[in-house]
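Heads up: the structure comes next, in structure tokens.
Just follow the structure's listing: the first ligand is 1, and inside any ligand the first atom is 1.
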Amino acid sequence: MRRFPTIFLAVLLVVPSTFARSHSDADADQRAAAAHHAAAKEIASPPPSAYNDHPKLAIILVIDQFRGDYLDRWRADFKNRGFNLFLQHGAYFPDCYYDYANTKTAPGHASIGTGAYTDGHGIASNDWWDLARNQDRPVSSVEDERYRLVGEPDSSLPSNQPGAPDTAPKYLTGSSPRNLLASTVGDELRLATQGEAKVFGISLKDRAAILPAGAAANGAFWIDPASGYFVTSTYYMPQLPDWATAFNTSGRIAQAEQEANAPPDTTQFYDLVGRTPAANSYELDFAQALIQGEQLGQGNVTDLLTISLSANDIIGHQLGPDSSYEHDMVDSLDTQLDTFFTWLDKNIPGGLGNVWIALTADHGVAPVPATAAQDGLNAGTWDLQKLSDALDYAINMKFSPGEKLDYIFPHQELPYISLNQSEFMKAGINEAEAEAAVQQLLPGAIASLTPPAAEPAPSDTPPGSQPSDHPAAQPSDKRLPPHPVLFRSYTREQLADGPYPPTPWGELLAHSYSPNGGWYIMVIPAAYQMETLRSIQTTHFSPYSYDRHVPLGFYGAPFDPGIYRGRVEPVDIAPTFAALLGINQPSAAVGEILTRALKPAADVVYPKPKPTPPPRTHHAAVSHPSKASTKPTTNAKPAHP
Ligand SMILES: [Zn+2]
């Protein structure tokens, strides 16, 4: 949604006519000065770009579940060059909102990498039903049974492998960007430099490592949830690079467990360490190992790294955005980022001035419903199992009276209600009829949900501890409890075909559509309402501002430091980077180049690295073996003999 306010246009028209005459002499002087300035500061030839390693390294730093208001809320705490690298020394945009309605982790990360929304990159959710691939459960956005995981420890081997423990899972499916329909800025960088640029992604989560980096990435790394080992997939490489194996066996896992007060050798690394600040320093240390191991920033073209820090999402779901643990996590991350940026300054040739960093998040989060309800909002939760049962009952009454067919799939996750198309087809009902019927029956099913019981004040301590009191008292004891309200619903066919209303809401809906997921209804509860959650207190999935608001900051030579007000979007990162790198925008990019935050080209100065960069060595482990088996890859090109 890009709108130039009328008042802005009016000012443009009025200012010259009112002031031009009296200021004509001054204007002439200014023009002369500007001409002199331009003559004195010529644009370097060739201008800085990816092709002449400006910058040496570009980093897209994503904090998983980090709402746009956090940096203002806790700004007084920040020290040194952590978040202040963006707030004081970079271009910071406090009003950055996703322009789509399905604010989940996988689509958020895909949007950041591709500069496109779900209608462009195809990722609508973290997982969805795909009966052609799996009849028993939804498939994840990145799981790929054609590949295998790489690098998991013996304790996590699948049970069909020698030496696997009795409790081992049957099958460790690999992962890939198979569902990503658009290229990323990293893909375009690889194409533009004919494979010379190196592109990697890191996260605790597979989807958050894979999707922002893209299909042409040299590698993506995430953790085995049980052990904390960093792993990858045979999509990228047949075995871990030596530096990654060295990291996994360095004792760094034990250090993270100790820092998180988790038991040594825990088999719940993701849950117990992942929700603590120790997980962020663990990931950032792995990023350092990768930068050194792969010699990022040491070549003759720009390299790119995406880092998604997962810890904030795990604690955020458990305790909510208003918990003191969230506050502690943000303050810890401020210090950890300062350490990481200081390390980059020492280890990238020429220092931090030769690095660009974009900071954003994949989505925000809602307040804990009980907290919002105490403040008077109609916040509450929907029991999706009850809703599915009510829908199944009503659909049976309509299409197969006396039977108990399962027309609604198990494992529902808002904003979608997924329909079991094979049951409908058996009953001779096509998609249009099925979706229209469910949409029509939805309000009645929602009305049958009993209003949620008065919930206790949210706990500000980990599960099992005593909850703390919320300071706000109930505004009135006459006020009725929150009750479920449906805001809007759309069938898959309605979303696919439109027409969308010619409004910001219509654009937001259009950006949310994907053909993935079979037959479904997109269900949008009223604001501050969500599905009933087990073992966590809040979530994100909606078109509401609290789920769409994320930070956006840039640090780097081309960016003019300042606070820039006005709506921008995370999809602006990829086109802005592409423009400055001199490469094509990603294939489906809809974001804008944030020219207002860019210095004049003649003012962009990069530090000259002092030492001569060592020749880049070839790492066999980062080539694309799966692809190399059918055709030579650009990796094989001896760019730096
Ligand atoms: Zn997320």
Side-chain angles (χ1 to χ4, degrees), residues 60-71 96-114 117-118 121 123-128 138 140-143 175 177 179-180 184 201-213 220 222-223 225 270-271 274-277 279-280 283 306-321 323 325-326 329-330 333 358-368 413-416 512 514 530-531 533 535-552 569-571 573:
I60 299 177
L61 183 61
V62 185
I63 311 174
D64 201 312
Q65 191 192 120
F66 198 90
R67 222 170 48 194
D69 58 323
Y70 292 176
L71 293 185
C96 180
Y97 290 79
Y98 281 91
D99 189 28
Y100 70 166
N102 45 303
T103 44
K104 307 285 282 190
T105 291
H109 283 88
S111 298
I112 292 165
T114 62
Y117 287 110
T118 293
H121 58 61
I123 308 291
S125 195
N126 293 338
D127 33 53
W128 54 79
S140 99
S141 57
V142 293
E143 74 174 81
S175 300
N179 293 305
L180 198 59
T184 63
I202 294 174
S203 178
L204 297 189
K205 307 177 180 181
D206 52 6
R207 56 187 178 273
I210 291 169
L211 296 172
W222 57 95
I223 65 160
Y270 182 89
D271 293 323
R275 70 181 183 190
T276 72
N280 284 332
E283 271 195 75
T306 68
I307 305 171
S308 172
L309 298 170
S310 309
N312 213 70
D313 185 65
I314 304 171
I315 194 71
H317 277 296
Q318 287 182 356
L319 300 172
S323 149
Y325 282 77
E326 175 65 58
M329 180 71 85
V330 174
L333 185 52
L359 173 77
T360 192
D362 58 337
H363 50 75
V365 71
V368 171
E413 199 170 303
L414 289 177
Y416 302 105
S512 306
S514 167
M530 61 188 70
E531 65 208 73
L533 305 160
S535 76
I536 58 173
Q537 297 204 56
T538 188
T539 193
H540 49 86
F541 68 96
S542 81
Y544 298 115
S545 63
Y546 48 77
D547 282 342
R548 291 166 47 212
H549 189 195
V550 292
L552 181 62
E569 302 170 23
V571 294
I573 296 171

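- Between Y100 and Y117, the two ring planes are tilted [angle within 30° to 60°].
- Side-chain atoms of E531 come within 3.5 Å of backbone N or O of L414 as a donor-acceptor pair.
- Not one N or O on the side chain of D362 forms a donor-acceptor pair closer than 3.5 Å with the backbone of H109.
- Geometry note: the Zn ion (ligand 1) is the vertex, D64 OD1 and T105 OG1 are the arms, and the angle is 130° (rounded to 10 degrees).
- None of N312, V365, L319 except one satisfies the side chain to side chain contact (heavy atoms under 4.5 Å, CB included) rule with E326; the exception is N312.
- At least one N, O or S atom of H363 sits under 2.8 Å from the Zn ion (ligand 1).
- Atom OD2 is the N, O or S atom of D362 at the shortest distance from the Zn ion (ligand 1).
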